[in-house]
Amino acid sequence: MIGRYAKLNVYQEIFKSSDFYRVAGGAFLIPVALLTGMVSNTGLVASLSLRDLVLIVSVALNGLPIIVDAVKGAMAREVNVDELVSIAIIACMLTGNYLEAAVVSAIMVVGALIEEAVSDSARHAIEELVEMTPATATLSRDGGEVQVKVDSIRAGDLLVVRSGETIAVDGVIRQGATSVDEAAITGESIPVSRRQGDEVFAGTTCVDGFITVEAVRVGEDSTFGKIVQMIQAAESSKTRSARIVDEYAKWFTPVILASAVLALLVTGEISRAITVLIVGCPCSFLLAGPVTTVAAISRAAKEGVLVKGGGFLETMAGADALYFDKTGTLTKGEPAVVEILPEGNRRPEELLAMAAALETGSAHPLAHAILAKANALGCSVPVAREIQSEVGRGVFGRVGDARVDVVSSDARGETGLTTVEVRVDGELWGYLGMDDEARPEAREVIRAVEAKGLTDVRILSGDREPAVRRLADQVGISRWHAGCKPHEKLGLIDAREGSGLIFVGDGVNDAPALKAADTGIAMGLRGSDVALETADIVLMNDRLETLPFLVDLSRRMSRTIKANIALSFGINLVAVLLGFAGVLTPILGAVAHNIGSILVVGLAASLRYAK
């Protein structure tokens, strides 16, 4: 699975960063210092041992940049977590607690490095998306063909598109017929027939046939180009929840400093002021969120879920709505024969075998579905000859002395199935109905999440209304929207009011919705690279049944963070008062401070083993 997610770039960007080597070097010095302390504690410089000197170097590498940023923030009158961490580091250094200063510095800079890399994921998603569009296209010009760059194409130009090629513009077919894979735009997994006069979209693929397309919308004006723009807009408009630590820092920093100064002025004892600074260091408070987050993310990973940041789980905890894409999310993502309707007294196996005879060797997804069903039923498939295909209509051939036609049909369109009819010597033998089947666990998952309070559950699909209605009935969802283009999905998400919305999808067309939702979840195995990049959470094994677990985990994580914050605040408050009163000495203050951190870490670690 590591290779599958190598393009997420989160870890890749960290390792490429020059800051990574500085941070890693500073952190590496901590165990080195402990080892040197075991060998010798002899003072070398100004009574500092080799262990102390190594730790000071570690603090210089990782802690000094934090202090510098804190000074810059103070000069700009911006108070944030840097000031709190700086107080912790300086207080530890002043009292000779070099190990603690080094550890706090390392923890904070590593966390900042990861956060910065993850925040760039949307940019990489857009880069991946752009790479999916062809760089060149074939134009029909002056009776011949010429290869040109896509960005030079203008409205009215005629493009020649052959089997297997990606259509570079939005346009209208002026000549020919084809089957088009429109999954990138509509999410529909079954290719659709397109003939002269029909519209086609940039980013879709010509499955078979040969067409000439008149360009109507090109570049940023195309449907595919607008998807890129929507991802960018959704990213910029998606607000992060206010960080409690930063809000806390606005008044906590001056309060602790004032308390230390007051202790010095009232008692005249500098040791009390130092004790107040030590116990007031917000280490346990700063650890409350990150440690709990790491434990929750680790627990999710055990279930095959990649969470790109604790903030996404925290947001998920308050959600009351869950929207699904259809194809590849609630369905298996590939067509299958689900209905065999023979005419007259013929057996289903006879009908299926005759159709399979003509589809043998075809690369079309519907052909694969027919052959798979024939194999599953153990049909004896006869040999066909003189096989011919008519793009967008079907295949024709001979089995023995009989002429066989397997062609697309509008019959039973109200069922939502893709239907083909089989005729032998002109006589109708029956129909085969194909559908993208619902995942077997989908219905139970819907029940489970609704029981947890996510009562607004919907399907947002680019597929036809009968197909979406059929799936909704199968999985137990009462609200659904069919025929949705990417911007329409985005509009439905933006228009929704509530405490939080989760969107689950897998395709390129889902990328704007994944980014705009409060929490975007992508299917990992079948999901497009763009969806994986854009999503906040990835179900690596495509297991929908992990959704109820994720809801529970997110809520427990949120409760644990709040409990840790309350515990840290309480311990800090009591310790500051005791330090001011002289009950705690600097050494006892350091002990009390570390006990608070241990309690917070222990409570957070319990998430790692949550059932």
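Computed from a prediction, not measured in an experiment: that's the story for all the values here.
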Take Asp436 and Lys332, measure what salt bridge (charged side-chain N to carboxylate O under 4.0 Å, His left out) needs, and give me the verdict at the end.
CA-CA 6 Å; Asp436 189 4; Lys332 295 178 180 179; over 6 Å; no

Closest non-hydrogen atoms of Ala438 and Gln474, given as atom of the first, atom of the second and distance, are CB-OE1, 3.6 Å

Within the 4.5 Å heavy-atom criterion, are Leu454 and Val551 side-chain neighbours or not?
yes

Would Glu488 and Lys485 count as a salt bridge (charged side-chain N to carboxylate O under 4.0 Å, His left out) here? Give the steps.
CA-CA 5 Å; Glu488 292 171 326; Lys485 295 293 191 293; 5.7 Å; no

Knowing that exactly one of Thr519, Val449, Thr315, Leu550 qualifies, which makes a side-chain contact (heavy atoms from CB on, under 4.5 Å) with Ile502?
Thr519

Between the side chain of Thr204 and the main-chain N/O of Phe201, is any donor-acceptor distance below 3.5 Å?
yes

Of all heavy-atom pairs between Leu490 and Ala516, which one has the smallest distance, and what is that distance?
CD1-CB, 3.1 Å

Results of salt bridge (Lys or Arg N to Asp or Glu O under 4.0 Å) for Arg559 - residues two or more places apart only
none

Residues passing the salt bridge (Lys or Arg N to Asp or Glu O under 4.0 Å) test with Asp456, sequence neighbours excluded, are Arg458, Arg479, Arg496

Using every non-hydrogen atom in the two residues, find where Leu417 and Arg464 come nearest and quote the distance to one decimal.
O-NH1, 4.3 Å

Among Leu547, Ile477, Leu544, which residue satisfies the side-chain contact (heavy atoms from CB on, under 4.5 Å) criterion with Ile446?
Ile477

For Glu450, run the side-chain contact (heavy atoms from CB on, under 4.5 Å) check against Thr455, Val445, Val457 and tell me which one passes.
Val457

Do Asp181 and Thr205 meet the criterion of a side-chain donor-acceptor pair at a distance under 3.5 Å?
no

Nearest atoms (heavy-atom pairs only) where Asp536 meets Asp518
OD2-O, 3.9 Å

